[in-house]
Amino acid sequence: MNPRIIFEAPAGESFGPARELLCSVWPLGKNNEQISIGEPTFSNHMVLVGPHQAGDEASVLELPKPGAYLIEVGYPNGMSLRTTASIGDGEQYRLIVQNPGSVLPSSSAPRSTVGLVPRVLSATLKGIHLKAPDIEVRMVMQSHVRSLQDLRSLASDLRDLATAADCLARIPNADLSFSMPLPGARVIDFRESYQRRWLVVEGNGRHHTMVAYPFGWRKQGDDAFSLAMRRRAIKGAEATKWSVALRLTDPVYGSLIEYLTRQDVQSASDVSGSLRGQATMLLYEKENNPFAAAAAAYLFALGRGDLEQRREWMLNLSNWYGWMPDGAIALAWKLLREGRRGSNSWIEARKLLLLACQRGLPYYTVGLHILVEALTVLSFADPDDTAIRSALADARAADVACLRGEPFTTLQVSRYLGLPTQ
Amino acid sequence: MTTFRLDSSPGPGTHVCVVGVGTYPHLKGGEGPVNPLHRDLGQITSPPQSAMAMLEWTDKTLNNPQAPLKSIEVLISQPEPALYTDANGLSQQIATATWDNLEAALAAWFGRANSHPDNVAMFYFCGHGLGDGVNTHLLMGDAGVSHDLLRHALHVGAFRIAMGACVAQKQIYFIDACRTVDLATVFNPHSPVQSGLPPGNVMAIFNGWNPVLHSARQGELAFGAPGEVSDFTKALLEGLTRCAVFQPYGHYWAVSPQELQKAIAALMDDFSGKPQCPADGLVGVGFQLHVLPGVPDVVVHVSLNKQHANDDAEISYTATGRTIVRPDRSHPWRTFAPYGQCSVQATFAPPSLFTAAPIQTFLVPPFQNIMLEVQ
């Protein structure tokens with residue numbers, strides 16, 4: 001049997017959901033008693049690392065022959081691990097891939113005390129608690145389309161809409177970190193009757209965070225998302241400030257979105273172009289998952305593919321889901337990249353960007369950044385365009401109050417509401 | 001406006017703009033009318049030193065045969081006027097880093113960089129910065145003369161987008177400044193941001209390389225000892241001269257933005273687990289900024305898997321026939337080792353019973369972690 005490298009996550013939950021990491025391996029050889037590096041045996045090869053079934057072939061690289069190798073593993077958040085190993089004939093080298101250092105719960109974190117299935121807690125029940133809970137997580141439905149200009153009142157409404165909201169977790173005495181699974185939900189029709197959902201997290205009744213929640217994203221036989229929260233201290237001023245991280249449990253799209261968040265288009269393309277990536281994409285297409293389609297649209301918009309190959313598909317994505325800004329942003333960015341000032345492409349892109357702002361906060365952080373950049377480009381090209389200037393101010397206000405490293409748009413409400421309005 | 005090493009010959013070149021601001025007359029401790037909204041931002045001594053070190057490296061060391069050095073635009077604000085004599089013997093007093101001077105310097109730098117698509121445009125800033133949660137505003141020397149602190153501040157994102165109008169396809173920005181956030185007092189999303197370049201120039205989306213390397217994470221401070229080159233600039237210069245390299249064609253070592261980011265991150269690592277040297281726009285394999293004259297070094301972090309064994313350990317590495325011993329008890333031990341074959345070992349003086357097997361490895365720049373397993 002050829003030697004193999006087996007990639008494993010550390011024991012416990014510290015690694016978070018499984019992720020596709022990109023691994024390169026080079027053989028180390030001897031040349032006149034000096035060690036030298038050969039051509040890569042694997043280059044940006046996907047390996048699946050995280051809590052999944054042991055012995056999964058997705059986590060194993062088979063090497064052509066025994067010897068010394070230089071191994072590099074890249075995480076979706078941009079960090080990398082490099083090591084060397086000498087592997088004998090038939091040997092299996094276990095490489096423990098440490099936690100990539102994101103906002104993740106510690107292994108001792110308590111689980112939700114409410115349970116896996118969201119349930120409604122009535123206002124009466126909430127009223128009998130004299131002290132606000134350490135942390136509360138709610139899922140709030142948005143009744144109608146709210147524009148980016150209207151985000152301020154939406155954020156205020158979400159903060160105050162406790163009685164009508166689904167309470168997912170309410171922890172009176174929480175530890176430093178806390179995580180909860182969010183099961184997938186079946187949505188019959190994403191086009192006509194869909195209403196946006198927000199996850200609203202608050203610490204001790206303060207410091208609200210709202211997360212654009214892709215409600216309806218499903219994963220077969222498993223929870224679709226995990227929501228991880230962490231704070232620096234149990235007492236004092238820091239106790240009410242929770243870091244919030246919504247993670248997709250699907251390793252393929254979870255990784256793809258995290259690479260995209262850093263605008264690492266090459267790695268995201270490597271993930272989507274792999275066999276597992278293609279299979280997952282087909283599955284989501286079959287399910288008509290608009291969120292997965294939007295992620296793919298951003299990847300296409302940031303990449304170097306020809307728009308004509310996907311124009312109709314991107315137009316459909318923008319037209320079919322009138323509540324989702326992301327399709328319009330992705331198409332607008334592609335049009336801006338392909339055209340020049342004054343061209344029809346730029347005129348069409350301008351319309352799409354204003355349409356996206358009408359639809360509200362994008363689901364993806366990368367989309368919000370692209371929106372700001374695109375509006376800035378248009379405002380520099382035509383400084384007298386007041387509609388673009390106004391949209392840019394709205395987008396910038398949201399952008400500066402969002403957590404940059406989070407894949408899904410995560411707005412710090414207090415910070416946002418503290419911004420000047422004019 | 002102060003220009004050194006101006007070379008108007010045809011063909012691609014590297015055009016550099018260096019800005020260092022230490023004196024802020026309108027901020028805390030300044031000599032001018034002090035803005036009451038100074039937010040405790042005051043006079044700093046590290047940025048002029050850092051900018052001067054960057055200027056000197058650019059002038060005397062930068063070597064890129066694909067794009068030889070063709071101009072250095074420099075502004076430095078410090079208590080006494082800054083003077084510099086370049087490698088060609090030109091001696092000048094350096095203009096101060098006021099907003100008007102910056103606009104003039106950027107216009108000149110932009111014009112030169114705009115002369116050839118294969119030009120490399122390099123921008124370096126060291127001074128006060130304010131974050132807005134996503135982007136950074138760089139405060140020029142006259143910041144605070146207006147009631148709006150950001151009126152005389154360069155917005156990095158807007159500047160980078162405005163530079164999209166430049167034909168130079170290889171651009172890089174080094175931002176050595178704090179990114180602390182105080183949205184309520186300084187940031188108004190409805191106020192226009194300052195790009196430093198004329199509006200209306202943008203004709204198309206920039207499609208080249210234009211990464212930004214920051215000294216600080218979002219919302220955090222950048223550091224430098226008073227009167228010394230800042231931590232980031234020290235790491236930047238180490239990366240440029242020693243280790244931030246790749247082999248673009250297999251037979252020589254060249255510095256690239258990608259490798260610089262990794263090298264600076266390793267050199268600034270405080271071992272807290274937080275990533276260093278955040279960057280924007282690092283895509284693809286990067287491009288050549290500088291060619292090393294010889295063989296590179298590698299930043300190495302050596303640690304023991306049992307930290308309590310550290311006090312008894314003498315850690316060393318052996319490479320190219322020389323053994324280098326850790327000079328103190330720092331753990332992890334950060335050092336430079338030459339590219340290539342290397343063995344790393346730890347010995348424990350009696351009566352310690354610890355042992356650790358040496359590690360034979362091959363070091364490749366810019367960075368490698370090595371952990372010795374203590375029994």
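Here the structure is a predicted model, which is why all the values come from computation and not from measurement. In what follows, chains are A, B, ... by sequence order, proteins preceding strands, each numbered from 1.
Both the backbone and the side chain of A/Val377 have a heavy atom closer than 4.5 Å to some heavy atom of chain B. Looking at A/Leu70, the atoms closer than 4.5 Å to chain B (heavy atoms on both sides) all sit in the side chain, from C-beta outward. For B/Phe367, the part lying under 4.5 angstrom from a heavy atom of chain A is the backbone only. Proximity to chain B (any heavy atom under 4.5 Å) is shown, for A/Arg262, by neither the backbone nor the side chain.
At most 12 heavy atoms of other shown residues, nucleotides or ligands fall within 6.0 angstrom of atom CD in A/Gln149.
With respect to chain B, the highest number of heavy-atom pairs below 4.5 Å among A/Ala393, A/Ala68, A/Ser343 belongs to A/Ala393. Note: A/Leu336 leads A/Leu336, A/Val372, A/Val265 in heavy-atom pairs under 4.5 Å with chain B. When the candidates B/Ile370, B/Ile359, B/Asp280 are compared by the number of heavy-atom contacts under 4.5 Å with chain A, B/Asp280 comes out ahead.
Listed by first and then second residue, the salt bridge (charged side-chain N to carboxylate O under 4.0 Å, His left out) pairs involving residues 369-385 of chain A are A/Arg350-A/Asp385 (not counting sequence neighbours).
Classification of the B/Trp209-B/Phe287 ring pair by plane angle, with boundaries at 30° and 60°, yields tilted. The aromatic rings of A/Tyr364 and A/Tyr298 stand perpendicular to each other, their planes meeting at an angle above 60°, with 30° marking the opposite boundary.
Here the closest heavy-atom approach between residue A/Thr261 and residue A/Pro407 is recorded as OG1-CA, 3.4 Å.
Side-chain atoms of B/Thr136 never come within 3.5 Å of backbone atoms of B/Val156 as a donor-acceptor pair (strictly under, hydrogens ignored).
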